[in-house]
Amino acid sequence: MFGYSGKILHIDLTERKTWVENKPEEWYKLWIGGVSMASRLCWENIKPGCDPYSPDNPVCIANGIFAGTPVPVGGKYGLASKSPMTGFIGDSLSGSWFTIALKRAGWDAVVIHGASESWVDIFIDDDRIEFRDATKLLGLGTFETEEAIREALNDDQVRSATIGPSGENMVRFANVTNDGRQAGRTGHGAVWGSKKLKAVSVRGTHGIKVADPKALNELSIHIVKEAQGPHTSKYRILGTSTNMLNMNKLGLLPTRNYSEGVFEGVETISGEYLHEHNKVKTIACAQCPIACEQMSMVKTGPWAGAMTGIEYECLFANGSNLGVDDINTVIKLISVADSSGMDAISMGITISWAMETFEKGIFTKEDFKCEKYPEGFELRFGDGEAAVTTAEMIRDKEGIGKLLSDGTRIASSTIDAERGTETYKWAMHSKGLEPAGYEARGLKTFSLGSAVGTRGPCHNRTAAYDPDIQGQVDRFSVDETRGELAKDSEEYAAVYDTLPLCKFIRRCFTGKADRAGAWPTIVNLINATTGWDLQYEDIDPIGERAHTIKKAFNIREGWKRSDDTLPYRWMNEPMTKGPSAGHFTSNEELEYMKDCYYEAKGWTKEGMIPKSKLIELGMPDVAEEIGV
Amino acid sequence: MPSSTSKYQYIDCDPDLCIGCQICEYVCSYTKTGEYNTYRSRIRTVRVDEVLITALACRTCENAPCVLACPQDALDQDPDTGIIVINAQKCDACAWCVEACDFGAISVNPLTKLVEICDQCEDQEDGPQCVKWCPKEALKLTTPEKQAQKARRDALKSIKDEILPKIPLKETTC
Amino acid sequence: MRVVVEFTGVSRMLTGQSEVDLTLSSGDTLQQVITSLAKRYPALIGEVFEKGGQSLIPTNVFSLNGEKIIHENELTFKPMDGDKLILLSLLAGG
């Protein structure tokens with residue numbers, strides 16, 4: 001078999017045992033890799049209904065089909081477990097050297113069961129597995145941990161996926177970081193922390209063979225050169241933080257805990273400003289010819305020296321969303337999240353919830369007592385020092401940081417129960433995950449895409465804001481086409497999440513990013529790698545299957561139609577400023593769009609999946625368990 | 001009469017342009033072995049503190065320490081190109097040359113039991129594959145003389161702003 | 001008539017400016033806006049405007065005062081006096 005080793009590594013942390021599972025080629029043709037294979041392995045290896053922090057919740061790592069080859073942006077892997085934030089499937093993507101080292105070590109996927117007695121770094125040395133004591137790595141930041149492991153093994157080719165102090169302390173939205181890139185969302189760091197799994201390290205020395213390397217190289221070099229052209233300049237020159245001004249101009253920039261869509265201080269935290277004042281260098285993930293990560297540094301003030309990669313999602317969440325217009329504070333906040341290993345989006349939105357709760361007098365100074373401020377401090381919008389202190393308290397679970405470390409849903413329900421308040425009205429989450437940096441009240445199709453997200457509201461598993469922003473539909477009103485649009489968008493994204501390929505390459509195939517523009521090249525890349533003979537019409541089912549196994553997983557964990565909802569604010573409070581003023585997504589509008597969506601998916605009115613659809617997609621075992 | 005400036009070419013990487021993507025390593029190893037494997041690449045990227053990044057391959061030293069160091073005299077230097085040639089019968093992959101090389105440009109292949117050094121893709125008509133593929137054109141086949149000329153031009157450009165205001169320029173059109 | 005063009009993203013980086021005033025004759029369409037910008041800022045050609053400097057490369061769009069989005073296929077749009085056209089590099093993801 002080309003493109004795969006045919007071997008899946010199983011590791012039992014409780015028994016300190018490992019074994020290899022071989023899957024038939026048919027299985028690989030169905031699940032391909034990335035988020036699809038990781039979710040499928042999660043389906044196969046989890047005890048349904050288990051506590052996400054229990055040994056019964058497996059860590060599933062699935063490699064990329066193109067990892068380690070010159071296929072541009074193909075160096076990505078998928079990670080899945082049951083999420084401690086949503087109780088549903090928690091799937092995440094990351095990329096760079098760790099992925100490629102794992103591919104060269106000869107593993108298509110790794111499934112980690114059980115929990116370890118003591119803190120452990122699993123070292124996968126080609127096909128030799130070693131359980132290394134990790135106590136000396138405790139307390140080290142994510143990148144520091146990688147460097148310490150390389151130093152201990154005296155080998156800079158050893159690559160690691162790690163958790164930082166936030167994961168060790170089981171901050172619910174802690175993440176897993178490899179090579180400075182984050183498998184950021186849905187709380188994987190907390191799951192690893194619950195298993196005392198500090199890191200997974202890999203040294204892979206085997207060569208990677210593909211079925212038709214000549215064809216693969218020809219296809220790849222064309223894309224590599226196209227990736228230097230106008231289709232990627234916004235990523236290469238400014239990076240994703242270009243979206244700060246874009247969203248502000250359209251009135252869609254989440255501001256002060258999503259109370260508004262425009263932020264008066266946006267210019268000094270824009271991508272343009274960052275480029276001018278704080279940029280150090282643009283770097284790339286391994287195997288990526290674009291290079292979009294803007295490594296930026298705080299150059300003056302108390303946090304001078306803090307450096308990390310700045311992306312739009314973390315920038316809005318810790319900038320306009322906190323009412324902070326000082327770029328140094330934002331970089332510092334993001335570097336607290338990145339170095340300690342927690343989701344900067346969830347962190348920012350949990351802090352903004354706490355800020356609004358303080359501004360409304362529910363929280364007071366006394367609630368924010370800590371070592372640095374024994375009498376407590378005020379947490380108001382725009383107060384950078386208070387935000388940074390709060391972020392550090394979350395990381396260390398110090399004082400109120402312990403409550404905030406559970407994320408917006410649990411923090412608000414706890415406070416409302418204790419104090420008889422209604423902070424849930426500004427608790428920005430859906431299914432327990434904090435949303436993305438697109439004000440859905442001004443994007444009706446994206447409202448639907450966010451509500452039905454299997455891992456919660458995010459901008460990556462669906463690009464349903466595209467038809468809204470591109471003006472393909474009226475972003476302020478609903479109609480019967482939105483169900484189909486949301487389905488198309490999430491299944492298009494799911495193909496990229498399954499290969500995986502980074503989505504920033506989509507215009508570099510033929511200049512057109514739609515299915516007609518992208519699928520032909522993707523078919524050729526897959527066939528040249530694996531020797532299969534896939535056709536154009538075989539690509540859509542890959543996306544549909546990837547999305548369906550995640551929905552099936554959620555159904556088995558107790559998903560109901562009412563779970564597909566939006567934060568209270570998005571459904572009840574119109575924005576008052578900017579081009580999107582006056583709009584919100586009402587319950588009636590959302591329910592109507594959900595009806596259209598379930599119908600477009602071929603599901604029942606209640607959002608359940610018919611047996612026939614599951615069998616058609618190659619999942620008879622899933623049909624048996626949850627098909628209707 | 002030998003030339004008074006070195007004709008030895010070598011592949012140089014500009015750290016300002018290099019993004020650390022490693023595509024050069026994938027294509028080099030493929031060109032030499034038919035498989036993608038950074039361990040078999042003759043050019044290797046290196047990264048420190050996440051942002052200091054470059055790639056290194058044989059620099060065809062005028063007085064090649066690897067050739068001098070080899071206890072088996074298994075390494076010779078082509079007098080015209082400066083490329084290091086490995087005598088397969090003599091080389092026993094003891095890695096003494098790896099110690100001698102200051103740029104980590106030599107690696108040992110345990111399967112062939114030989115060392116491997118960049119030969120600038122002499123057998124490829126379109127030249128070094130890493131240079132051809134590099135997305136950011138950070139890799140150049142260059143000589144010490146060309147490098148020195150570039151450095152001088154860059155130095156002049158870097159002080160351009162102080163000089164130019166004093167030199168009246170004719171009105172530019174747009 | 002006078003129209004203000006605001007640069008953001010790639011166009012701001014390439015022109016080094018965030019705003020420019022354009023004087024157009026009445027009845028001019030977006031086409032005229034693009035050709036005059038391309039002439040004045042050649043750096044935008046091949047990055048924001050197609051090679052001929054006559055049209056927009058996809059994902060580069062004008063937004064009329066932040067509301068309406070004007071695409072590469074709506075060059076017949078007629079701006080009015082005092083309108084602000086914001087040149088955006090739309091970007092998915094982040």
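Side chains included, hydrogens not; waters and symmetry mates left out as well; all remaining heavy atoms used. Just so it is clear: chains get the letters A, B, ... in the order the sequence lines come, proteins before strands, and each one is counted from 1.
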Looking only at heavy atoms, what is the nearest atom pair of [X] and [Y], with distance?
X         : Y         : answer
Thr242(A) : Ser89(C)  : CG2-O, 3.9 Å
Arg507(A) : Thr59(C)  : NE-CG2, 3.0 Å
Tyr465(A) : Ala92(C)  : OH-CB, 3.6 Å
Leu91(C)  : Tyr438(A) : O-OH, 3.7 Å
Ile237(A) : Val10(C)  : CD1-CG1, 4.2 Å

Do Arg12(C) and Leu245(A) pass the side-chain contact (heavy atoms from CB on, under 4.5 Å) test, and can you show the C-alpha distance, the side-chain angles, and the key distance before you say yes or no? CA-CA 11 Å; Arg12(C) 182 181 291 187; Leu245(A) 288 188; 3.7 Å; yes

With no hydrogens and no angle check, is any side-chain donor or acceptor of Glu272(A) less than 3.5 Å from a backbone partner on Gly9(C)? yes

Without swapping roles, check the side chain of Asn246(A) against the backbone of Leu88(C) for a donor-acceptor pair under 3.5 Å. no

Relative to chain C, which segment of Leu250(A) carries a heavy atom at a distance below 4.5 Å: side chain, backbone, both, or neither? both

Show the numbers, then the answer: is there a side-chain hydrogen bond (donor to acceptor under 3.5 Å, both in side chains) between Thr8(C) and Lys249(A)? CA-CA 10 Å; Thr8(C) 71; Lys249(A) 297 289 175 193; over 6 Å; no

Which of [options] touches chain C most, by non-hydrogen pairs under 4.5 Å:
options                                    : answer
Asn460(A), Asn248(A), Ile469(A), Leu315(A) : Ile469(A)
Glu267(A), Arg236(A), Met247(A), Met244(A) : Glu267(A)
Lys512(A), Gln470(A), His231(A)            : Gln470(A)
His275(A), Glu276(A), His459(A), Lys234(A) : Lys234(A)

Quick check on Ile86(C) against chain A: is it the side chain, the backbone, both or neither that has a heavy atom closer than 4.5 Å? side chain

